[in-house]
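Got a structure here, written out as C-alpha cells. Questions coming.
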Amino acid sequence: MADKKTDEEVAESQKLTPKDKQELQEGACVNCVLLSIIFTFAMMIAVAL
C-alpha cells in the first residue's frame, strides 16, 4: 500500500511544469524574506532593551 502511494506521489511531482516549479521556488523565497525581516526586527528590539 505504501509503495502505491509513493508511486502516485512521484507521478504527481512529474506533472509539475517548469512554471509551477518556479512559482513554488519564488514562494519559498518570499517566506525566507519574511522570516528574515521578522528575525531582524526581533534582534533590533533585543538590542534596544
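Every heavy atom of this structure was used, including side-chain atoms; hydrogens, water molecules and symmetry mates were not. Here the structure is a predicted model, which means the values were calculated and not measured.
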Checklist entry - Linking I/L/V/M/F/W/Y whenever any side-chain heavy atoms sit under 4.5 Å apart, do M43 and L49 land together? => result no
Next on the checklist: I'd like to check the side chain to side chain donor-acceptor pair (under 3.5 Å) partners of Q22; sequence neighbours left out, ordered by chain and number.
Outcome noted: E26
Item to check | T40 side, atom OG1; I45 side, atom CD1 - distance, nearest 0.5 Å | outcome: 11.5 Å
Checklist outcome for this item: Apart from I37 itself, members of its ILVMFWY cluster (side-chain separation under 4.5 Å) are V33
